[in-house]
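Here the structure comes first, spelled out in structure tokens, and everything after it is commentary.
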Amino acid sequence: AKGSVVTTPINSEDEAYDAPVSIGTPAQPFNLDFDTGSSDLWVFSSLTPSNERNGQNIYTASRSSTAKQLSGESWKISYGDGSSSSGLVYSDVVTIGGLTAAGQAVEAASRVSQSFTSESATDGLVGLAFSSINTVSPDQQTTFFDTVKPSLASPVFTADLKHQAPGTYNFGFIDKSAFTGSITYTPVDNSQGFWGFTSTGFQVGNNDFQQESITGIADTGTTLLLLPDDVVNAYYSSVNNAQNDQSAGGFTVPCDTSLPDFSFGVGNNGAMITIPGSLMNLGPSGSGNSCFGGLQSSGTIGTNIFGDVALKAAFVVFDSGSQGQPQLGWASK
Ligand SMILES: O=C(CCCl)NNC1=[NH+]CCN1
């Protein structure tokens, strides 16, 4: 089987990307954030207090003839940006891009943190990291991808995120028309449950390539590109009047400045993914007339994160083992 679903930026800063998902019988429609940085499929629900809702679609299990509560099961998750949610667990039918997962764990939120409440465009998340970090307890559940994997023509999904335009998540196949050149594959370390890999280094504009192993995760659920301080400083030291503005929460640049491209190395054949300078400006910082940089410090998070700013410059293959061990494929587009 194969699936394909369109994913769309939720705002003018490409802060996150939602895609349509149907849950239950009859189908209840949702717009969910596909997140390769986590492994829970959760939705706003009839259990979510009204003061924590802000127009989101809600899942009502009692209205689905195929919903079954998983007795004694609950979930509780917190994300790298400090947001969190928790609740109870049902199994139900989940359909994404023509692919149907019967008996998929659907995590109904009985509470969500402020940033989820205020993001009215997003009704929940579809976790696409490894099921080893799914938070359902006491019986851990599988991600949508793991649930449908046996039925897929190939055990892969791909992400093709775009700047201010609809993109695509495909399941089970690689669309050769969606990228240019060849796909460069690199091994994945999934020991922490993420799509972890090591970039071979970086390049600011047309300066020399800096060889530096940068280990991080490919994370569609994080907006920014979060890298070590030496990389971030090298980039912004090449931008006039860039400043690290704590009141803005990181590096800002003058909004009218053209920015250098930022490239990062993938694989062992010298391949690079180049983020155009225009995509390194995320718009007004909320502080003065400066704009917020798409590259920021990974600082104290404990891992580097190749988030949407990086991923939207590439066609990315999340391959869970078509060649044995999991791998990430990167192509320009
Ligand atoms: O939580 C992370 C970072 C894992 Cl190191 N990414 N996924 C996500 N979902 C919502 C906010 N961020």
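Whatever order the structure lists them in is the order used to number ligands and atoms, beginning at 1.
- Taking the centre of each ring, Phe30 and Trp42 stay at or above the 6.0 Å mark.
- In terms of protein heavy atoms, atom 11 (C) of ligand 1 is closest to Asp81 OD2, 3.3 Å.
- Ring to ring, Phe306 and Phe197 are close: their centroids are under 6.0 angstrom apart.
- Residues Thr274 and Ser263 have side chains that bring a donor and an acceptor to within less than 3.5 angstrom of each other.
- Scanning the protein for heavy atoms near atom 3 (C) of ligand 1, the closest one is Asp219 OD2, 3.4 Å.
- Of the polar atoms of Ser38, none of the N or O atoms is found under 3.5 Å from an N or O of ligand 1, judged by distance alone.
- Within the 4.0 Å heavy-atom criterion, neither part of Asp33 lies near ligand 1.
- Inspection of the Thr117 and Glu52 side chains reveals no N or O donor paired with an N or O acceptor under 3.5 Å.
- No close placement of the Phe34 and Phe157 rings is indicated, their centers lying 6.0 Å or farther apart.
- Shortest contact from atom 1 (O) of ligand 1 to any protein heavy atom: Gly80 N, 2.9 Å.
- Ring pair Tyr235/Phe202: centre-to-centre distance not below 6.0 Å.
- The single protein non-hydrogen atom nearest to atom 5 (Cl) of ligand 1 is Ile217 CD1, 3.8 Å, given as residue, atom name and distance.
- Legend: side chain to side chain donor-acceptor pair (under 3.5 Å) pairs involving residues 193-214, not counting sequence neighbours, sorted by first then second residue: Thr198-Thr215.
- Not a single heavy atom of Ile301 sits closer than 4.0 Å to an atom of ligand 1.
- Annotation: atom 12 (N) of ligand 1 to nearest protein heavy atom, Gly221 O, 3.3 Å.
- At the shortest separation from atom 9 (N) of ligand 1 among protein heavy atoms lies Asp35 OD2, 2.9 Å.
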